[in-house]
Amino acid sequence: YGPRVLGLSERPPQEETLALRYRGMVLDERDVGLLEDDQWLNDTVIDFFLRLAVEVAAPDGLREQLYVAKTQFFTRLTACGASSGEKGWENVKTWT
């Protein structure tokens with residue numbers, strides 16, 4: 001399974017800032033560099049691969065039932081002192 005088999009496209013020669021793209025998800029060169037040894041992953045890399053795992057590995061019936069929230073979802077949900085899910089909903093209601 002290489003990048004092309006999974007539907008990933010490598011960086012086009014004319015665009016130096018694009019490293020990986022899959023169905024509207026993009027990792028730029030900096031993000032891909034974080035996949036090297038001894039590097040910390042950022043939110044963009046984690047979001048990309050969680051969504052990719054669902055798209056590639058989840059069975060069709062299950063894939064339709066799943067929603068992968070961004071890694072910042074819980075932080076935003078509980079922001080501004082939201083003390084309940086209903087109050088936190090105001091912080092994230094436009095995310096889905």
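Remember, it's a predicted structure, so these values are computed and weren't measured experimentally. Heavy atoms only: backbone and side chains are in, while hydrogens, waters and symmetry mates are out. In this chain, residues are counted from 1 in sequence order.
- The two residues Leu52 and Met25 have their closest heavy-atom pair at N-CE, 4.1 Å.
- Going from atom CG of Asn91 over to atom CZ of Phe74 covers 11.5 Å, rounded to the nearest 0.5 Å.
- Residues passing the side chain to side chain contact (heavy atoms under 4.5 Å, CB included) test with Ser83 are Lys87, sequence neighbours excluded.
- For Val32 against Ala19, the heavy-atom pair with the smallest separation is CG2-CB, 3.5 Å.
- Here the side chains of Phe48 and Val26 are not in contact, with every heavy-atom distance at 4.5 Å or above.
- Closest heavy-atom contact between Trp89 and Leu77: N-CD1, 3.9 Å.
- Here Arg76 pairs with nothing under the side chain to side chain donor-acceptor pair (under 3.5 Å) rule; sequence neighbours left out.
- Here the options are Asp47, Asp43, Asn42, the test is side-chain contact (heavy atoms from CB on, under 4.5 Å), and the partner is Val45; only Asn42 passes.
- Between atom CG of residue Leu66 and atom CD of residue Glu55 there is a gap of 10.0 Å, rounded to the nearest 0.5 Å.
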**OP:** Applying side chain to side chain contact (heavy atoms under 4.5 Å, CB included), run through Leu35 and Leu41 and close with a yes or a no.
**Re:** CA-CA 7 Å; Leu35 299 173; Leu41 300 178; 3.9 Å; yes
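- Atom-to-atom distance recorded for Ile46:CD1 and Asp31:CG is 11.0 Å, nearest 0.5 angstrom.
- Here the straight-line distance linking atom CG of Leu27 with atom CZ of Phe49 works out to 5.5 Å at 0.5 Å rounding.
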